[in-house]
Amino acid sequence: MALVFNEEQRFLQDSAREFLNKEAPVEALRKLRDTRDSLGYSQDLWRNMVELGWASIILPEAYGGLEFGFTGLGVVMQETGRNLVASPLFATAAVGASAVLLAGSEAQKEDLLPRIAAGELTLALALEESHHHNPWQIATRVEQQGEQLVINGCKTFVLDGHSADELLVVCRTAGEADSRDGISLVRVPRDAAGVSVQRTVMADSRNAANVSFDGVSVPASNALGALGEAADALEATLDRGRVALAAEMLGSAEEVFRRTVDYLKERVQFGVPIGSFQALQHRAAIIQTELELARSVVMQALSTVDEQPRQLPLLASLAKAQLNELIKLATNEAVQMHGGIGVTDELEIGFFLKRARVTMQVFGDTGFHRDRYASICGY
Amino acid sequence: MDDLERFRAETREWLEANCPQSQRLPTTPADQYWGGRKGEFPSEDSRLWFERMRDRGWTAPEWPEAYGGGGLTPQQGKVLKEEMKRINARTPLFSLGIWMLGPALLEYGTEEQKQRHLRAIVNGEVRWFQGYSEPGSGSDLASLQTRAEDKGDHFLVNGSKIWTTNADKSDWIFCLVRTNPDVKKQEGISFLLIDMNDPGVSVTPIELISGESEFCQTFFDNVKVPKENLVGPLNGGWSVAKALLVHERKLMAEIGSESPRKVLSPVPAAREYLAFRDGKIADGQLRNDLVRYEMRMHAIGLTHFRTFEERNAGQQSAAPLTMKYLGTEAEKEKFELLLAILGSRGLGWEGEGFTEEELDTLRMWAMSKTMTIAGGTSEIQLNVIAKNVLQLPQANQSAKGA
């Protein structure tokens, strides 16, 4: 367990940064937005990322994975956060692969994981049913009918829901709408009969969808693990997603802050660079102190996934809550310190601001994670 | 009724039938049972209550049954806590073994270590204490000097540990020792378990100005410690210690208002002074302030560890330059939080009508204001960060005072 990157991870960081600066600068996201790209990400870019092994970065070698652990994924997520890279990395390589790893049977892992690693399968977790994250508030039902499973329900804010090959649907066989009992994870091909997908255009120009399931029928073998017993695996999957996202948010915060500090040095008013004004220096310095805390928390949370999964719930909530607050502060201050140009679409700061608001809602806002942390600690 | 609700009903019934009435009264330090070879039950009821809980493994409810624990799921463990809280049932066994060492063993221990130590902890047979600080190593923990030399089948330990709470009443110590003096500081530290009965171990109580002596200094003079008492990898003790940080934060929550202590901490204070509803602090604003502070302290603790690791890896970051600002501001926040939690009980200046702790809290709250002034004000700290880390252009020096 380490709070600093080792040599291998630093090498990965350098090569990821070089690759993404060349192939996927923020300008690429602008282009996807302005051309109303139907997929929402570049397939060429994703193919390159797969070739670099990023789709399989957390997977064991036995399944064709790179086996760099979650800290390895965190390194890459930070770099994609720096450039606001749109790709299936989060939904497929972080969340989807984790769900299969944690909930799947051995046969399912052998079937699915190599396909994820090879870039032949993208996944989307169909979880939320309301506009606030609430993983146990699940009304979507799954019923076993002979050899088939039949799913009925509606999902919202499904990241990559309009582009993924398969949806991992969180549904229940039993239990009240707010209970962990009966929670199941079922694979549903996006083009299955009865699935309707409505792509939503979000603030961050990335991919999300509303998805409804109307009597969708899939083979019983599509349930990951045992039907009705996926709650623990789902919670661990979400925690891994939260940590991966926190790493992305850290990268975004560092980058938007770097751009802001650069601007404070360049912009001249009253005959001096505005960065010489103490009012702005102190605000910038405070962000630096918050960044230091965030970096420690993210590093620890990443290594906790690999080395101390028992502590993961506490660390994941710590990381997500801290990063939610940091990214809000860093993007708001970035806009304010850039002044008028900060609110123009021409400047890329706005892309960071908008992406931040989406990441703050994914898998739990600050209130959700403070409540969870306090509850784990018994108050 | 789902399984969890059934468990709740059964637990409630069992607690009603088995928790003696005297064990539902507020606990003073004199009422606590800490177990161990020298442990004495404060009363017959406390013995009865401890034995009944022990027999179900509920002194450590969420540990695996194979090691004497209760084998409860986290959800069931939470229910048990809630049901105990509901009738104000006392903690049957106070134990650093349960709160700190046990989780570390479950995480890092060998199967043999788990078998040997966990059940003895659950059963209250062995009382543990912690040995981190040394006379020359306070905040700079990684500089610790207590040596453990590899002598083939055993380590030979020499040195001493300070602020070892209740060492004179305990049986075993879990501690950090130096196993390699020739590498970067924290890469030569190991996590070792030592039996206080071993020849060469001695304890001296430290008398405080208050006249009490709850703290001790523990000395090791050529103590032979078997190799099997090493927890985690050789020279890997730093990671074990970092993991314990989490348990330490949870511990603050666990011991709650029953803790014997000199300084109030926010979480135990909240347990004592605030109303709870369904296991949560009823005042949502105070709960939010408290958890925000606790998360911040968790992050600051991790950042301390990170600065050590970076220094030793030969990497530089801005973290050390931010710690004074973050630490002292957090300390002020802590005392503001304590005053808010104590309400009017936190406002006593002197004399009757307030406990000593309450009076101390107010005095320390006032004292905390000096922390962001002495040793370079917070504003100077921010100037330093702006200049040295962010390399922002400097204005007229006389106007800035930095």
Side-chain angles (χ1 to χ4, degrees), chain A residues 1-6 10 174-176 179-181 232 257 261 264-265 272-278 280-286 288-297 299-300 303-304 307-308 310-311 313-315 317-318 321-322 325 366-367 369-371 373-379, chain B residues 2-4 74-75 78 81 103 106-107 239 242-243 246 249-250 252-254 256 267 270-271 276 279-281 287-288 290-292 294-296 298-300 302-303 305-306 309-310 313 315 317-319 322-323 325-326 379 381-387 389-395 399-400:
Chain A
M1 182 171 67
L3 294 163
V4 292
F5 288 140
N6 61 27
R10 285 205 305 275
E176 299 295 311
S179 126
R180 298 167 65 105
D181 295 338
D232 290 349
F257 183 58
V261 173
L264 293 178
K265 293 174 184 171
V272 293
I274 59 173
S276 65
F277 298 138
Q278 202 178 35
L280 296 182
Q281 288 190 347
H282 281 192
R283 279 162 56 184
I286 286 170
Q288 181 66 42
T289 67
E290 296 294 330
L291 268 172
E292 295 301 332
L293 295 182
R295 200 169 302 158
S296 313
V297 164
M299 293 290 292
Q300 179 72 3
S303 63
T304 297
E307 294 169 38
Q308 296 165 311
R310 288 160 55 95
Q311 294 184 1
L314 198 70
L315 265 298
S317 279
L318 177 67
Q322 293 285 118
E325 291 304 287
T366 306
H369 288 292
R370 282 188 183 160
D371 175 63
Y373 187 100
S375 296
I376 292 170
C377 289
Y379 56 86
Chain B
D2 70 13
D3 288 350
L4 203 57
Q75 288 77 30
K78 187 160 171 277
K81 255 180 241 164
L106 285 169
E107 202 101 44
S239 292
K242 267 192 297 182
V246 170
R249 300 228 71 74
K250 280 175 130 174
M252 302 309 290
E254 297 284 332
V267 172
R271 289 215 169 278
F276 275 63
K280 297 180 179 184
I281 296 166
R287 181 170 186 259
N288 187 50
L290 176 61
V291 70
R292 194 184 158 279
E294 285 291 308
M295 289 176 128
R296 204 165 180 76
H298 195 163
I300 288 174
L302 290 170
T303 305
F305 276 99
R306 180 162 68 87
E309 293 189 12
E310 283 173 343
Q315 298 179 16
S317 84
T322 63
M323 294 313 287
Y325 172 81
L326 288 167
E379 290 71 22
Q381 302 302 320
L382 295 176
N383 284 352
V384 170
I385 296 166
K387 184 181 172 192
V389 180
L390 304 177
Q391 300 184 323
L392 289 170
Q394 297 301 292
K400 282 192 52 190

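In the text below, chain A, chain B and the rest are named by the order of the sequence lines, each starting its count at 1.
Both the backbone and the side chain of Arg295(A) come within less than 4.5 Å of a heavy atom in chain B. Interface residue Val261(A): backbone and side-chain heavy atoms are both found under 4.5 Å from chain B. Neither the backbone nor the side chain of Asn6(A) comes within less than 4.5 Å of any heavy atom in chain B. Ile286(A) touches chain B through backbone and side chain together, each having a heavy atom under 4.5 Å away. Contact of Leu106(B) with chain A is made through the side chain alone, with heavy-atom distances under 4.5 Å. Heavy-atom distances place the side chain of Phe257(A), and not its backbone, under 4.5 Å from chain B. Residue contact with chain B, scored on non-hydrogen atoms closer than 4.5 Å, is absent for Arg283(A). If you measure heavy-atom distances from Glu290(A) to chain B, the contacts under 4.5 Å come from the side chain alone.
Applying the 6.0 Å contact sphere to CD of Gln315(B) captures more than 12 heavy atoms from other residues, nucleotides or ligands.
Arg306(B) places no side-chain N or O within donor-acceptor distance of the main-chain N or O of Leu293(A), the cut-off being under 3.5 Å. At least one donor-acceptor pair under 3.5 Å links the side chain of Arg287(B) to the backbone N or O of Tyr379(A). Judged purely by atom type and a 3.5 angstrom limit, Gln281(A) uses its side chain to pair as donor or acceptor with the backbone of Pro393(B).
With no hydrogens or angles considered, a side-chain donor-acceptor pair links Gln278(A) and Asn383(B) at under 3.5 Å.
In terms of non-hydrogen atom pairs under 4.5 Å with chain A, the most contact-rich of Leu290(B), Leu382(B), Thr322(B) is Leu382(B). Considering only heavy-atom pairs separated by less than 4.5 Å from chain B, the leading option among Val272(A), Asp371(A), Asp181(A), Val297(A) is Asp371(A).
His298(B) contributes atom NE2, which lies 5.5 Å from atom CG of Leu318(A) (distance to the nearest 0.5 angstrom). One distance of note links CD of Glu176(A) with CG of Asp2(B); it measures 8.0 Å at 0.5 Å rounding.
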> Under the side chain to side chain contact (heavy atoms under 4.5 Å, CB included) criterion, do Met323(B) and Glu292(A) qualify, and how do the steps go?
Replying inline: CA-CA 9 Å; Met323(B) 294 313 287; Glu292(A) 295 301 332; over 6 Å; no
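Between Gln311(A) and Glu107(B), the closest side-chain pair of non-hydrogen atoms falls below 4.5 Å.
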